Chemist: 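This is the structure I want to talk about, given as structure tokens.
Since the model is a prediction, treat every value here as computed from it, not as a measurement. A note on names: the letters A, B, ... follow the listed sequences, proteins ahead of strands, and every chain is numbered from 1.
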Protein chains: 2
Amino acid sequence: MAATLHDVARVAGVSIKTVSNVINDYPHVRPETKERVLAAIAELGYRPNLSARNLRSGRTGMISLIIPNLRNPYFAELADDVMNAASARGLSVLIEQVGGDRESELSVLRGSRRQAVDGILYSVLALGQEDAAVLDEIPLPMVLLGERIFNSSRDHVTMRNEDGLRAATEHLLAIGCRRIIALGSHPGEVIGSAGLRLDGYLQALDAAGVPVDERLIVHADRWHRVDGAAAMRSILAAGTEFDGIVAFNDSLALGAMRIMQEAGLRIPQDVAVIGFDDLDETRYSVPTLSTIEPGRPQIAETAVDMLLARIEERASAESSPAEPREVLTDFRLVQRESTTRAAGAPGSSGL
Amino acid sequence: MAATLHDVARVAGVSIKTVSNVINDYPHVRPETKERVLAAIAELGYRPNLSARNLRSGRTGMISLIIPNLRNPYFAELADDVMNAASARGLSVLIEQVGGDRESELSVLRGSRRQAVDGILYSVLALGQEDAAVLDEIPLPMVLLGERIFNSSRDHVTMRNEDGLRAATEHLLAIGCRRIIALGSHPGEVIGSAGLRLDGYLQALDAAGVPVDERLIVHADRWHRVDGAAAMRSILAAGTEFDGIVAFNDSLALGAMRIMQEAGLRIPQDVAVIGFDDLDETRYSVPTLSTIEPGRPQIAETAVDMLLARIEERASAESSPAEPREVLTDFRLVQRESTTRAAGAPGSSGL
DNA sequence: CTGAAAGCGCTAACAT
DNA sequence: ATGTTAGCGCTTTCAG
């Protein structure tokens, strides 16, 4: 059996309170006593029992991160960022994957592990605005990530979807593209990443006086590589002319690039491509992919900080909780090969 | 404050023992009593406090998975597989990332979260055979993954490194390659993935009577995409001739392919390439990458099962623990475009 | 079939 | 500066 506080106290010849004081770095412990306690701890290989500590203190030092799937590089990178931010603040992260359907998200939110964490970082995917009320019922501090739900009573960290996509589109316009495909739209969606990003695209065209061609707005329900590839196949089959692509995320862009290359299109000479997310992979694809870096580390840090603040607010049982906050992170356009045309050599599409 | 057992008992008009019986699905509860208790639980929105349960039962229902980094797709996919296996068995997974250096691995192993989990799945990276003894000191059930440590007192799940790489090399030989680069060696390493995989390569050449050329054994300390790219740059700079590459993992292969394509080499016509790991990405690269599928889901399931067995063995406090087991998973060669040459058209290198 | 009560290991208020 | 002690919410003998 593992050593307990009492064992340490006995070996050190003090009371458990003193041992507890030493462990928790309380002041008012005579150096020599501390010494003796530390020696006893080392001798016994004592480690505090976290279950007991949690039970007593009402805190676990763990937060859960609810995401769709780690195989999706965006979420793997987000998870890494969150774990780094959390561990810098002394927290552990319990990652919970959800199936992507509404039921599974709800059941995880309400789920059994709830009692094992101090708070939840929830990257909303399947729920929508109409579920905002459901979130209020979860009796745990929570911070929302993503763009599916606004105006709930929860803190929310999100990226500048419209601005980012507008900048991406402007970048393509600036290097000479005129027939730019928007890849990844969700017809009818207004809020949500797809709706917001489409808006940014339209704003950019509008500002440049370039007419909108509905055939250039390409639908893609899911945003994985395979979806980008499939979409590009139908675009080519339809014979639509285009000289640039703003993909609503990097995976779509990478999938589309693969199909274009098979079809003999040169990137960026024939078609310039830009994505969104700044996945690690965009630095290594052929060609390397220009993209919008949406401030993911900042999202992670901000979200963890906000959650921690909520947890502490709750612990100190103060009057009324602070108003929900909404934070938008800074984005940055990263230009790589897929949009870098040789100087003085405009796109070859001749439009 | 959240409802407790006592609250439920009061509302249902029974004792806490009865409530506990209902929750834990014990027999011997009269149906109508059970009904009443269930109603009270629903009414109060009662959820058992896991810290208390853990404290009492000595189990947490969590295992930790220690891996280097989620941004590495191999480990992201492994983590996904492990989480699926664990959740099918009612366990949660706490992912802990380690820096990759020896000290950081040791400190996580001994680390503070130790008391919060029932067991550890440890994907060994920085420790080596000489640390086998250290592992015995960790007073927690543990299963090792990977090929850095053999013959410790711990259960161990590993893949068929030699056989897999031998099969990969034989595949290249079969399609006509004669000057095959082995990419990713660690000079001097005997056990460890690099040592074992190099062995498989040498075995295949030997069996085919193809002489070993030291210049074709290319070193790469780390196995990320960028390392594969860097290695390929020096190979090209050195002017070494080659017509095939067996990379010791997929990332190396993908990195090398990028550089070859920039240099105008065609894959598979000029150079055939095969990797190892079967990352999701290999299905979408240009060209798609042939690879060895090392049985990762099987690794995950087996490892979780073994760990669970150890946890239960410990709980039942039986005589002596079972002998450590060593499991090798089945691999499979997956042929994709990077090694598929048109029938009747052998490699163009002319060797 | 159900109730009473002990105690898991820890923290923190209170006492000295 | 250190000791005493009462629970945190649950599981689990042991009685009824």
Side-chain angles (χ1 to χ4, degrees), chain A residues 1-38 40-41 44-61 112-118 139 314-317, chain B residues 1-38 40-41 44-61 112-118 139 314-317:
Chain A
M1 206 50 213
T4 77
L5 263 192
H6 286 95
D7 299 328
V8 176
R10 188 159 17 78
V11 170
V14 297
S15 83
I16 61 167
K17 178 58 182 16
T18 304
V19 180
S20 175
N21 282 344
V22 170
I23 291 168
N24 297 293
D25 257 341
Y26 283 153
H28 311 314
V29 180
R30 213 184 315 160
E32 62 189 73
T33 315
K34 185 166 177 174
E35 204 81 346
R36 217 148 22 101
V37 171
L38 257 20
I41 289 177
L44 296 173
Y46 168 76
R47 319 237 79 202
N49 178 314
L50 294 185
S51 294
R53 179 177 283 177
N54 297 345
L55 174 58
R56 185 60 237 232
S57 65
R59 290 198 32 185
T60 65
S112 59
R113 276 287 142 194
R114 230 179 58 187
Q115 297 282 343
V117 298
D118 295 334
R314 210 166 87 123
S316 66
Chain B
M1 208 47 216
T4 76
L5 263 192
H6 286 95
D7 299 328
V8 177
R10 190 161 14 80
V11 170
V14 297
S15 83
I16 60 168
K17 177 59 186 7
T18 305
V19 181
S20 175
N21 283 344
V22 170
I23 291 170
N24 297 294
D25 255 341
Y26 283 155
H28 311 314
V29 181
R30 215 184 313 160
E32 62 190 71
T33 315
K34 185 165 178 176
E35 204 81 345
R36 219 149 21 101
V37 171
L38 257 19
I41 288 178
L44 296 172
Y46 169 77
R47 316 238 81 202
N49 178 311
L50 294 186
S51 295
R53 179 176 282 179
N54 297 345
L55 174 57
R56 189 56 237 235
S57 66
R59 290 197 35 184
T60 65
S112 57
R113 275 289 141 193
R114 230 179 58 185
Q115 296 282 342
V117 297
D118 296 333
R314 212 166 87 123
S316 64

Chemist: Over how many whole Å does the gap from H6(B) atom NE2 to dT2(C) atom C1' extend?
Modeler: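 Distance, rounded to whole Å: 15 Å.
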Chemist: So, is T4(A) near the phosphate of dC8(C), with a side-chain N or O under 4.0 Å from OP1 or OP2?
Modeler: no
Chemist: dT2(D) phosphate, OP1 or OP2: any side-chain N/O from T33(A) under 4.0 angstrom?
Modeler: yes
Chemist: Which sits closer to the 5' end of DNA chain C, V14(B) or L55(B), going by the nucleotide each is nearest to?
Modeler: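 Nearer the 5' end of the strand: V14(B).
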Chemist: So how far off straight is the helix from dC1(C)-dG16(D) to dT16(C)-dA1(D), going by the axes through five pairs at either end, to 10°?
Modeler: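 Roughly 40°, once rounded to the nearest ten degrees.
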Chemist: Could you name each residue pair satisfying salt bridge (Lys or Arg N to Asp or Glu O under 4.0 Å) that touches residues 48-57 of chain B, not counting sequence neighbours?
Modeler: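 Salt bridge (Lys or Arg N to Asp or Glu O under 4.0 Å) check on residues 48-57 of chain B returns no pairs.
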Chemist: S15(A) side chain: which of dC10(C), dT2(D), dG9(D) is closest?
Modeler: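 Selected nucleotide: dT2(D).
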Chemist: How far apart are the closest heavy atoms of Y46(A) and T4(A), and which atoms are they?
Modeler: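 Looks like CE1-C, 3.5 Å.
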Chemist: How many Å lie between CG on N54(A) and P on dC8(C), as a whole number?
Modeler: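 In whole Å, dC8(C) P lies 18 Å from N54(A) CG.
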Chemist: How would you summarise protein contacts on nucleotides 11-16 of chain D per nucleotide, using B for base, S for sugar-phosphate only and - for none, with heavy-atom distances below 4.0 Å?
Modeler: BBB---
Chemist: With sequence neighbours left out, what residues match R59(A) under side chain to side chain contact (heavy atoms under 4.5 Å, CB included)?
Modeler: S57(A), D118(A), L308(A), I311(A), E312(A)
Chemist: Within this structure, what is the CG-to-C1' distance between L50(A) and dC8(D), rounded to whole angstrom?
Modeler: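 Rounded to whole Å, this separation is 15 Å.
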Chemist: The criterion is side-chain hydrogen bond (donor to acceptor under 3.5 Å, both in side chains); which residues satisfy it with R10(B), sequence neighbours excluded?
Modeler: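 Once residues adjacent in sequence are excluded, the partners of R10(B) under the side-chain hydrogen bond (donor to acceptor under 3.5 Å, both in side chains) criterion are D7(B).
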Chemist: In whole angstrom, give the distance that lies between atom CZ of R30(A) and atom C1' of dT2(D).
Modeler: 9 Å
Chemist: Hey, does the side chain of T60(B) reach the backbone of N54(B) with a donor-acceptor pair shorter than 3.5 angstrom?
Modeler: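 A pair under 3.5 Å: no.
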Chemist: I need the full list of salt bridge (Lys or Arg N to Asp or Glu O under 4.0 Å) pairs touching residues 26-35 of chain A, with sequence neighbours left out, sorted by first then second residue.
Modeler: D25(A)-K34(A), R30(A)-E32(A)
Chemist: Sequence neighbours excluded and cut-off under 3.5 Å, please list the side-chain donor-acceptor pairs for residues 13-23 of chain A, or say none.
Modeler:
unit_1: S15(A); atom_1: OG; unit_2: K17(A); atom_2: N; d: 3.3
unit_1: K17(A); atom_1: NZ; unit_2: N21(A); atom_2: OD1; d: 3.0
unit_1: S20(A); atom_1: OG; unit_2: N24(A); atom_2: ND2; d: 3.3

